[in-house]
There are 2 protein chains.
Amino acid sequence: MSLYRTFDSADLRIWLSTQITLSTQLGGKPEEWSIKEVSDGNLNSVFLVHGLDSSLCCKQALPHVRVAPDWPMPLERALYEARYMRATEAAVTGLAPKLFHYDADLFLLVMECLSPHTVLRSALIADQVTPGFSETIGQYVAQTVHTTGWTTRPFEEGSRLLADFAGNTALTRITVDLILNDPYRVCTRNPEPEPALLSAVEALRTDRPLHAAISRLQNIFLTCRQALLHGDLHTGSIMLHERDVRVIDGEFATMGPIGFDCGLYLGNLALHACAAPQKMPAMEHEMRVFWAAFAEQFQTLVSQGGGDVGGLLEDDAARLTMVQDMLLGILRDTAGFAGLEIIRRTIGFAQVADYSLCPDDAARTTARKRALEIGRTLIMSAEAIESPDALFALLCPSPATGAPSLT
Amino acid sequence: MSLYRTFDSADLRIWLSTQITLSTQLGGKPEEWSIKEVSDGNLNSVFLVHGLDSSLCCKQALPHVRVAPDWPMPLERALYEARYMRATEAAVTGLAPKLFHYDADLFLLVMECLSPHTVLRSALIADQVTPGFSETIGQYVAQTVHTTGWTTRPFEEGSRLLADFAGNTALTRITVDLILNDPYRVCTRNPEPEPALLSAVEALRTDRPLHAAISRLQNIFLTCRQALLHGDLHTGSIMLHERDVRVIDGEFATMGPIGFDCGLYLGNLALHACAAPQKMPAMEHEMRVFWAAFAEQFQTLVSQGGGDVGGLLEDDAARLTMVQDMLLGILRDTAGFAGLEIIRRTIGFAQVADYSLCPDDAARTTARKRALEIGRTLIMSAEAIESPDALFALLCPSPATGAPSLT
Ligand SMILES: Nc1ncnc2c1ncn2[C@@H]1O[C@H](COP(=O)(O)OP(=O)(O)OP(=O)(O)O)[C@@H](O)[C@H]1O
Ligand SMILES: Nc1ncnc2c1ncn2[C@@H]1O[C@H](COP(=O)(O)OP(=O)(O)OP(=O)(O)O)[C@@H](O)[C@H]1O
């Protein structure tokens, strides 16, 4: 018999009171704890528990999509999120909440409560961020992919990660459908586009050169298993308070192309700039800060060697050349996946709240059309990108000229 | 307590007599069966059992390398060979022996006995092959990678294969060490090269541009998980009789780059041509037959669609373009892995018997030097190859000019 049941605050209080380590950590008596549900994502319930001495965040998987109860979703995603946190925790201390406990029967994670942190997307919308926050995200990606890739560890470790995460198919199916396919086909999951956007949406459905370029990215996503990805690194998966920036919500973790994590993050910064064009310079600054931090850290860490890839390279210069080749490949993948993310968050399922910044419908339509153009251009140009500057120019085209044309 | 024990013929006879299906299939009484050990590979024991009605081939993993008893080797490789045979059997009926039974305690496979087949390498050395045998191998590779890749099946199936084979690290470690590293470094596993070859071997150990190109191939081998590979597709893993050609010995199976299987096969044909230069035209013919059969079948099968990669492509022309792009990538990987195989089988552990065709020491040294040059050129030129003809020109350089130079 399964021990799983969906918790409300009362159930959680009772359960926590039976967990000696956790209840001691909280401090005080169970009836003195305050428990608040803060679920705002699409999938899970999240409770913040404040005791007399400390606080905990409890995240439980539901057997369905939280915002769409008729869409079933296997509970095992909580297991993969726990595995992801454990596989990366040594590499990202202070860049992610600490996982204290995972309950395999309840599909429940108990982790560090981030307080008074807010979700980056909301902070951006409220214009309450300390510039430069993207440096931490760049470091985070470099640290996680370094600790889980093939260049600095014996391949047996990467093989174990392949085995441990290959089963996370329920969430990878979401990526495959929602990011890599749905926006480009008729599909009941797609919300009805606003009338002014209809022709742009229809154009994406019949755009054969675009579909060919997307097929290439689909192939990269599924075949190119470079490192363990977060898999859902958008601005809603990041919490911050002043200079303390943390990545949460690793339930989409899968071995995949490093440019996927980078592309989702940069794509979401670009979306914000589309919704609020006056913030384009600030977003471009964040993109540059992200990439500089990522590339520098990746280069430092990966050129240390120690893995089966590059093991023959004896001098630093040779390893550096290899790492720079890898970075160029990651940069190109980043462009493609950023383009896919921008389009899916504009017309697909789970659109972004950033568009609420648009003052009126007309401005929102303009912003969305612009996002679709930027997305398409990124996807079509990805393979030819030669430098980070070229990527930023595509992500943040100057408003006067619009998205760079393809010809 | 483990039930495993290493079988001799007597043990095998007793065990088979307890297996109703198998002993009925053999026919006659156990004492009427003839059992012959035919182990000639490096790793396992193989027995052929002839009953009154039919024959069986029994292959058992030993806890060590058969030819190097002090080199321990996990028994689980037999499990991966059985999994590989099952994962591919529907796609390669008649191109591989049928697996009748796998015993998980004994790490023992019972399969169709191929008779009067001989191992392709021996048949080549004895000059007893029917030309065109490589057509079957091309079809075999196309069928196996089609049935296990991402283009014609939902990605969940490929993910299951990733999980099922990621644990085959003991044999993948052999590939990583023996093919991708050892020939280019000082290592006790490498046999002492003949004096006349010493400077060529030393040159490979200090050849930095070569090491950089090999690092790229190491990266491809470990990150590019396109399909389930046989993983050891040399001419010793093929048995044939007239036009009946079968692939055996899938214990190195792993998800990896399709060009790895192609490269090992073509590399072994090229090795044979190096050892017996008068057979170069015949080997070039086989290479062309292999690639034509592989490419045609791959194109036909993969452009059928049905998988998550390319699912947006609605017309045949678009899918064909995608498949041709894939084929070009496979062709380039094939060149690189062929080069690695040629070098490792010439100076590394587990060299090929083909060199016994050389009439004397001087001829053998010439043949080996030539092989090393061809191998190096393939590795260095792989990325720039544009057509199958360009690959064949590198694999079979005209004897007058020697290996094409790199400048
Ligand atoms: N460690 C934490 N500390 C404080 N609050 C948190 C923590 N983790 C999550 N939260 C809050 O709970 C919300 C939902 O968390 P999370 O994004 O992990 O859930 P989700 O349902 O998986 O979301 P998604 O649909 O984006 O996958 C976050 O937006 C945040 O407000
Ligand atoms: N199905 C079969 N029918 C007849 N003979 C077979 C069959 N399978 C294997 N053999 C014989 O047994 C020998 C060893 O088999 P196989 O190559 O599978 O073993 P191995 O020890 O794994 O070799 P390797 O070192 O190449 O990995 C073959 O060369 C062949 O002579």
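Please read these numbers as outputs of a predicted model, since none were measured by experiment. Only this structure's heavy atoms are used, side chains among them; waters, hydrogens and symmetry mates stay out.
Ion pair A:E386/A:R332 flagged as a salt bridge, since at least one NZ, NE, NH1 or NH2 atom sits closer than 4.0 Å to an Asp/Glu carboxylate oxygen. In summary, A:D325 and B:R216 do not engage in a salt bridge, as defined by a charged side-chain N under 4.0 Å from a carboxylate O. A salt bridge between A:D177 and A:R344 is absent, with no side-chain N of the basic residue lying under 4.0 Å from a carboxylate O of the acidic one.
Smallest separation of non-hydrogen atoms from B:P183 and B:I347: O-CD1, 3.7 Å. For the pair B:A253 and B:L228, the tightest heavy-atom approach, listed with the atom from each and the gap, is CB-CD1, 4.3 Å.
At a threshold of 4.5 Å between non-hydrogen side-chain atoms, the residues B:I220 and B:F337 count as touching. Looking at heavy atoms from C-beta onward, A:I379 lies in side-chain contact with A:I343 at the 4.5 angstrom threshold. The shortest distance between side-chain heavy atoms of B:T254 and B:F260 does not fall below 4.5 Å. For the pair A:L171/A:T175, no side-chain contact is recorded, criterion being any heavy-atom separation below 4.5 Å from C-beta on. Here the side chains of B:V309 and A:F221 are not in contact, with every heavy-atom distance at 4.5 Å or above.
Contacts between residues 72-80 of chain A and chain B, counted as heavy-atom pairs separated by less than 4.5 Å, involve no residue at all. When the heavy atoms of residues 141-161 of chain B are compared with those of chain A, the residues falling under 4.5 Å are B:W150, B:P154, B:F155, B:E156, B:S159, listed by number.
Chosen from A:R208, A:H211, A:R173, the residue pairing most often with chain B at heavy-atom distances under 4.5 Å is A:R173. The residue among B:L217, B:D164, B:L222, B:V176 with the most heavy atom pairs within less than 4.5 Å of chain A is B:L222. By number of non-hydrogen pairs under 4.5 angstrom with chain B, the leading residue of A:I214, A:T223, A:T172 is A:T223. Among B:N168, B:D308, B:L162, the residue making the largest number of heavy-atom pairs under 4.5 Å with chain A is B:D308.
Contacts between B:R319 and chain A at a heavy-atom distance below 4.5 Å are absent for every atom of the residue. Neither the backbone nor the side chain of A:M255 comes within less than 4.5 Å of any heavy atom in chain B. Only the side chain of B:D315 comes within less than 4.5 Å of a heavy atom of chain A; its backbone N, CA, C and O stay farther away.
Counting heavy-atom neighbours within 6.0 Å of A:E314 CD, excluding the residue itself, gives a total of 12 or less.
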Problem - A:Q226 and B:N219: CA distance, side-chain angles, deciding distance, side chain to side chain donor-acceptor pair (under 3.5 Å) verdict - result: CA-CA 9 Å; A:Q226 292 179 311; B:N219 192 45; 5.9 Å; no

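Between the CD1 atom of A:I179 and the CD1 atom of A:I342 there is a distance of 12.0 Å, given to the nearest 0.5 Å.
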